[in-house]
Amino acid sequence: MPEGHVVHRQARQLTTAFKGEKVRVASPQGRFTAAAKVVSGKTFTKAEARGKHLFIGFDNLRWIHIHLGLYGKWQFGKGAQPDDTGLIRLRITAATNFAQLRGPAVCELLTASEMAAVLARIGPDPIHKQADPERAFERVHRSAAPIGALLMNQRIFAGVGNIYRAEVLFRHELSPFTPGRLLTREQFDAIWSDLVFLMTLGVKDGRIDTVRAAHLPEAMGRQPRVDRHGGEVYVYRREGMKCFECGAKVQMADMQGRKLYWCAKCQVG
DNA sequence: AGCTCATGGCGAG
DNA sequence: TCGCCCTGAGCTG
């Protein structure tokens with residue numbers, strides 16, 4: 001259940017493990033068997049991430065497109081595969097490394113043009129160096145929808161999920177309910193560049209940390225907060241706890257079926 | 001053992 | 001906006 005930074009790490013890990021090797025591809029579960037046979041024995045050229053989408057290239061000709069959705073999970077290892085404790089949709093095996101995937105929302109074989117079509121329907125990804133934030137600004141600038149919802153829209157901000165959404169809004173003292181069209185250019189630019197910073201850091205560290213030095217546990221006289229997601233954050237999943245900035249209780253509400261966390265005192269506007 | 005919830009996204013209505 | 005979906009961790013009891 002990753003946000004974009006995890007998918008980018010997985011792309012890097014797959015590339016490191018298999019680049020340039022002829023790999024065996026199989027689908028023990030059976031739901032991807034026919035496609036797996038098409039690419040099995042071919043050369044793994046590279047794996048790439050865009051937003052939460054992962055593409056694995058074979059001979060730079062065919063691509064396996066994966067989206068983990070809420071449940072998908074990769075397992076990496078060397079040598080023999082462990083006993084399967086679940087259904088393995090996709091297994092990639094080379095001389096020393098293996099990787100196996102269970103529970104993805106999407107696992108399909110695409111041509112280059114089909115892959116281009118997927119890329120065309122997602123917005124700029126803050127982790128991607130060539131991302132064009134103007135595309136996101138145009139959408140935000142003419143939208144009446146709340147910025148908290150726009151940040152979760154993968155056609156606008158690819159790779160942002162529920163944690164980065166909540167945290168970037170807190171860091172910019174912006175209410176999640178602010179209509180997109182009311183954001184100034186300066187506010188949009190600040191949010192975009194902060195997403196680039198935070199998500200790039202997430203790729204490097206493999207966790208989401210958003211708390212500034214002055215608010216870190218050692219400066220606040222408190223224990224580090226080890227959440228399931230494994231990072232130090234201001235508001236995500238801190239409902240009812242004290243805001244590190246102002247001491248007010250962190251709020252939680254439902255926004256379009258997802259839990260939204262924010263500090264109503266700090267985040268005005 | 002059973003229930004709830006989760007870093008997500010799709011299509012029906 | 002709602003229901004649903006391929007999983008598994010963390011609770012409760």
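Numbers restart at 1 for each chain; the letters A, B, ... are given by sequence-line order, proteins then strands.
- Under 4.0 angstrom from either OP1 or OP2 of B:dG9 there lies no side-chain N or O belonging to A:Arg155.
- Atom P of nucleotide B:dA6 and atom CD1 of A:Ile163 are separated by 11 Å, given to the nearest angstrom.
- Going from the P atom of C:dC5 to that of B:dG13 covers 15 Å, rounded to whole Å.
- A sub-4.0 Å separation between OP1 or OP2 of B:dG8 and a side-chain N or O of A:Gln154 is absent.
- Side chains of A:His8 and A:Asp125: a donor-acceptor N/O pair is present below 3.5 angstrom, by distance only.
- Backbone-only engagement by A:Tyr236 is indicated by non-hydrogen atom pairs under 4.0 Å involving sugar-phosphate atoms exclusively.
- B:dC5 sits 16 Å from C:dC2 when the P atoms are compared, rounded to a whole Å.
- Distance CD1 (A:Ile88) to P (C:dT7): 11 Å, rounded to an integer number of Å.
- The phosphate of B:dG8 (OP1 or OP2) has no side-chain N or O of A:His67 nearer than 4.0 angstrom.
- Between A:Lys73 and A:Gln29, it is A:Gln29 whose nearest contact on DNA chain C lies nearer the 5' terminus.
- With a 6.0 Å radius and a threshold of 12 heavy atoms from other residues, nucleotides or ligands, A:Glu218 has its CD atom above the threshold.
- Near DNA chain B, meaning a heavy atom under 4.0 Å away, the residues from residues 252-263 of chain A are A:Arg258, A:Lys259.
- In this pair, A:Tyr234 and A:Phe244 present their aromatic rings tilted. The plane angle is within the 30 to 60° band.
- Following rounding to the nearest Å, A:Arg237 (CZ) and B:dC5 (C1') show an atom-to-atom distance of 9 Å.
- Side-chain atoms of A:Arg89 and base atoms of C:dC6 include a donor and an acceptor less than 3.5 Å apart.
- Classification of the A:Phe18-A:Phe44 ring pair by plane angle, with boundaries at 30° and 60°, yields tilted.
- OP1 or OP2 of B:dG9 lies within a sub-4.0 Å distance of a side-chain N or O belonging to A:Lys52.
- Around the NE2 atom of A:His172, the shell of radius 6.0 Å holds more than 12 heavy atoms that belong to other residues, nucleotides or ligands.
- For the pair A:His8 NE2 and B:dT7 C1', the interatomic distance rounds to 14 Å; values are reported in whole Å.
- Rounding to whole angstrom units, CD of residue A:Glu3 and C1' of B:dA6 are separated by 12 Å.
- Nucleotides C:dT1 and B:dT7 are separated by 22 Å at their C1' atoms, to the nearest Å.
- Atom CZ in A:Arg121 sits roughly 6 Å away from atom P in B:dC10 (whole-Å rounding).
- Going from atom CZ of A:Arg165 over to atom C1' of B:dG8 covers 12 Å, rounded to whole Å.
- In the hydrophobic clustering, where aliphatic and aromatic side chains (Ile, Leu, Val, Met, Phe, Trp, Tyr) are joined below 4.5 Å either directly or transitively, A:Met255 groups with A:Phe177, A:Leu260, A:Trp262.
- Looking at heavy atoms from C-beta onward, A:Leu110 lies out of side-chain contact with A:Arg62 at the 4.5 angstrom threshold.
- The separation between A:Asn162 atom CG and B:dA6 atom P is 9 Å, rounded to whole Å.
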key: Chi angles and distances behind the side chain to side chain contact (heavy atoms under 4.5 Å, CB included) call for A:Arg139, A:Arg155   = CA-CA 9 Å; A:Arg139 294 288 303 271; A:Arg155 291 173 174 263; 4.1 Å; yes
